[in-house]
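Inspection log for the structure reproduced underneath, given as structure tokens.
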Amino acid sequence: NVVDRLRFAGDQGIPLVVLATGRMAGKSLRANLPDVLEWFAETVLPLARAGNITVAVENCPAVGNIATSPAMWHELFDVALPELTLGFDPSHLVWQFVDPYAAVREYAGKVRHVHVKDTAIDRARLAREGIDGDGWWRYTLPGWGELNWATLLAELQRVDYAGCLSIEHEDAVWDRNEGQILQSLLLSKRYLEQFLAGP
């Protein structure tokens, strides 16, 4: 429950809450926009202000969400609710065929939290199955998929991003046991460190 999460965050002094916008099934993204804007304006943002909380919306399409692309970020951030910020996960943009580099270039200043994972695309399967087929994309470790993390992190560095880089493990290939999961997290950490090491 978003209301409970915001109240808890305010009580505990947690400065950032990342959430989804919500979405009514069976309605398009834009058809959901008026209800989402009303809910945020009347419920979410007043609670956030009262608790001194920054609200970031994640761009995951799978969690009942309309903040899934730069076009919808424009409607949310630029047009209606400029105090909203972005929980950025470029892996979702890959399988939607949205340019992740143009997206972060335009909205880097809005990013307050980053999920670090990648997306691998099986182009031969995609060519045979089409976008409505199964198994042509999957989440993977950063550096093992389509994304150029050096470019993404450079865009964030350009705006002095000081938030979290949260490794989000969703790679089924590295999920067979606890040892594999730990190894995947270490591999992801080492991969990121090449771009973040100090002088």
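Just so you know, these numbers use all the heavy atoms, side chains as well, and skip hydrogens, waters and symmetry mates.
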Can you tell me if [X] and [Y] form a side-chain donor-acceptor pair at under 3.5 Å?
X: T21; Y: N65; value: yes
X: H92; Y: Y139; value: yes
X: S184; Y: H169; value: yes

Inspect the contact between [Y] and [X] and indicate whether a charged nitrogen and a carboxylate oxygen are less than 4.0 angstrom apart.
X: R138; Y: E170; answer: no
X: R123; Y: E146; answer: yes
X: R190; Y: E193; answer: no

Check: Which heavy-atom pair separates L152 from P100 by the least distance, and what is that distance?
Finding: CD2-O, 3.9 Å

Item checked: Least distance between heavy atoms, E58 atom then V18 atom -> CB-CG1, 4.1 Å

Checklist line | Proximity of F97 and W136 rings by center, below 6.0 Å | finding: yes

Item checked: Name of the residue among L93, T68, I66 meeting side-chain contact (heavy atoms from CB on, under 4.5 Å) with N59 -> L93

Check: Can you say whether the rings of W73 and Y107 are parallel (under 30°), tilted (30 to 60°) or perpendicular (over 60°)?
Finding: perpendicular

Check: Checking side-chain contact (heavy atoms from CB on, under 4.5 Å) for the pair L187/Y191: CA distance, chi angles, key distance, verdict?
Finding: CA-CA 6 Å; L187 287 169; Y191 175 79; over 6 Å; no

Item checked: Between CZ on residue F195 and CG on residue N148, distance to nearest 0.5 Å -> 7.0 Å

